[in-house]
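The next block holds one structure in the form of structure tokens; read it before the comments.
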Amino acid sequence: MTTPIGVWTELVGQDPAVETLSAAAAAAAKIVAGEAVAPAAMTHAWLLTGPPGSGRSVAARTFAAALQCSTGTGCGACPGCRTTMAGTHADVRLVVPEGLSISVAEMRALVQAAARRPTTGEWQVVIIEDADRLTEGASNALLKAVEEPPARTVFLLCAPSDHPEDVSVTIRSRCRLVPLRTPPAEAIAQVLISRDGVEPERANWAAAVCNGHVGRARRLATDEAARQRRATVLRIPLGLRRPDDVFTSADQLISAAEADAGEESKGRDEQERSELRTAMGGDGTGKGVAGAKRAAEAAVKQLEKRQKSRATRTQRDTLDLALVDLAGFYRDVLVTTTRSGATLTHPDHADQINSAAASWSPESTLRRLEAVLECREAIGLNVKPRIAVEAMVTTLRQG
């Protein structure tokens, strides 16, 4: 298999997906040139699935760049590739849920815009991140567009899986599936070293403990606060000695997730507000700016409302990552107890894992693991996070 080049280097450890998507991009270039291609070589709707951190949205953006590439290869150097990867291409629309779902109104507006002919590129590309967050109404609106797509429009849907709970069966049946795998630790470490300039020892550590999540590996490798928050989470299993430790630990877990989400959102939110004021003339001076300032402030209030909704979603996502770390600890205890020889999720906490394995029965460890998984499920069903976490930690202490 050839080594990925151009925009495809953004996809870490996903050679089979790169092969599929690059072949489709080449076929798309032939279609644009008026050449004949095999019926299945290129299609108008794609579903990119994979676990968190596998690079679903990255795969969608790189494929979109290859479709807009002047060479059809995803060279990474032409204006089509550069503007798509930068998020500024006029014919590439990215839908990222600001809140916990994608509304029917938002999807209807998107479908209407997607029906237009491309303006600067060869294809009108719509990328829907977290397609599993589509409401029923939004799914129905999208289905109509996918069933009868314009000739030069491509829909790229990203979701954890093609299960009916994530993507409706009717939409799935009209998409070509591209599954992404969990990237191997070696590939993640290599990209941290070569692209982010992380020193090898830290890169190998971050790749080993990130659970296959490329973005998480980068944060752990480059952010001391992120490393401290992970350490706080992993102290919980052996730190539940007294009844009041339940509430202390629950508060630590919630606070760590909120801090992580806050760091992620702070810079982006302020930049968005500043750019919006500038675009609407709200920072101007002189005659006639009073009306512009009022309009700008009203628009900023609407933006802040969307940012608040996005912050809620980000906090839940970061809390879920913390719960995945916690579940990994109990999974490692079971691995150690059973002497299965499987690779540990948290090899840097082997001493604590061995201590827990010596103290807990396999049955109590399994109950603790199930409590973490039930907490994740409860939060996904909109149970208030603090209540779900306190109930979970109570079970973690009792075993």
Side-chain angles (χ1 to χ4, degrees), residues 1-5 7-21 48-59 61-62 158 160-161 178-234 237 260 264 317-318 320-354 356-357 369 372-373 376:
M1 187 174 295
T2 57
T3 301
I5 59 174
V7 295
W8 303 109
T9 59
E10 297 291 322
L11 274 174
V12 180
Q14 304 292 351
D15 290 347
V18 169
E19 186 175 18
T20 297
L21 296 174
L48 310 174
T49 65
S54 59
R56 299 186 299 257
S57 60
V58 175
R61 286 200 304 274
T62 54
C158 307
S161 75
V178 179
L180 303 180
R181 60 188 180 183
T182 298
E186 297 79 9
I188 296 174
Q190 185 56 48
V191 79
L192 291 177
I193 294 168
S194 61
R195 191 167 65 193
D196 300 304
V198 178
E199 59 95 14
E201 183 177 356
R202 176 157 289 172
N204 288 324
W205 168 80
V209 304
C210 72
N211 205 25
H213 195 297
V214 180
R216 184 87 192 285
R218 184 175 293 112
R219 293 197 69 181
L220 288 172
T222 60
D223 185 353
E224 174 62 26
R227 293 193 287 273
Q228 290 298 326
R229 286 191 286 270
R230 173 178 176 268
T232 297
V233 170
L234 294 178
D260 222 13
E264 184 176 335
D317 288 346
T318 52
D320 189 66
L321 277 177
L323 294 174
V324 169
D325 277 342
L326 202 54
F329 184 94
Y330 293 109
R331 175 260 184 196
D332 287 351
V333 174
L334 286 173
V335 167
T336 302
T337 301
T338 58
R339 296 183 176 86
S340 71
T343 302
L344 295 182
T345 306
H346 303 296
D348 55 336
H349 283 67
D351 289 344
Q352 295 94 315
I353 290 165
N354 287 329
L369 175 57
V372 179
L373 300 180
R376 292 185 68 200

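Taken to the nearest 0.5 Å, the CD1 atom of Ile188 stands 12.0 Å off from the CD1 atom of Ile193. The OG1 atom of Thr232 sits 11.0 Å away from atom CZ of Arg230, with the distance rounded to the nearest 0.5 Å. In this structure, CG in Asp15 is found 11.0 Å from OG1 in Thr20, a value given to the nearest 0.5 Å. Atom OG1 of Thr318 is separated from atom CG of Leu323 by 10.0 Å, given to the nearest 0.5 angstrom.
Side-chain contact, Gln228 with Glu224: a donor N or O sits under 3.5 Å from an acceptor N or O.
At least one side-chain heavy atom of Val324 sits under 4.5 Å from a side-chain heavy atom of Arg376. Inter-residue side-chain proximity for Leu369 and Val333 is flagged as unmet; no heavy-atom pair is nearer than 4.5 Å. A heavy-atom distance below 4.5 Å is found between the side chains of Asp223 and Arg229. Considering only heavy atoms from C-beta on, Leu21 comes within 4.5 Å of Trp8 through its side chain. For the pair Arg219/His213, no side-chain contact is recorded, criterion being any heavy-atom separation below 4.5 Å from C-beta on. The shortest distance between side-chain heavy atoms of Arg216 and Asn211 does not fall below 4.5 Å.
Across Ala17 and Leu180, no two heavy atoms sit closer than the pair CB-CD2, 3.4 Å. Taking every heavy atom of both residues into account, Thr338 and Leu334 meet most closely at OG1-O, 2.8 Å. Listed here is the closest heavy atom pair of Ala206 and Ala221: CB-CB, 3.9 Å. Of all non-hydrogen atoms in His346 and Phe329, the two that sit nearest each other are CD2-N, 3.5 Å. Between Thr345 and Asp332 the shortest heavy-atom distance is N-OD1, 2.8 Å. The two residues Arg331 and Thr343 make their nearest non-hydrogen contact at NH1-O, 2.6 Å.
Judged by distance alone, with hydrogens and angles left aside, the side-chain atoms of Arg181 form a donor-acceptor pair with the main-chain N or O of Gly13 at under 3.5 Å. Side chain of Glu10 to main chain of Val58: no donor-acceptor pair is present (N/O by atom type, distance under 3.5 Å, no hydrogens or angles). Remark: side-chain polar atoms of Arg56 are not paired, donor with acceptor, to backbone N or O of Thr49 under 3.5 angstrom. Judged by distance alone, the side chain of Asn204 and the main-chain N or O of Pro200 form a donor-acceptor pair under 3.5 Å.
Counted within 6.0 Å of CD on Glu201, heavy atoms from surrounding residues, nucleotides or ligands total 12 or fewer; the atom is thus considered open.
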Intermediate values then yes/no, salt bridge (Lys or Arg N to Asp or Glu O under 4.0 Å), Arg227 and Asp348: CA-CA 12 Å; Arg227 293 193 287 273; Asp348 55 336; over 6 Å; no
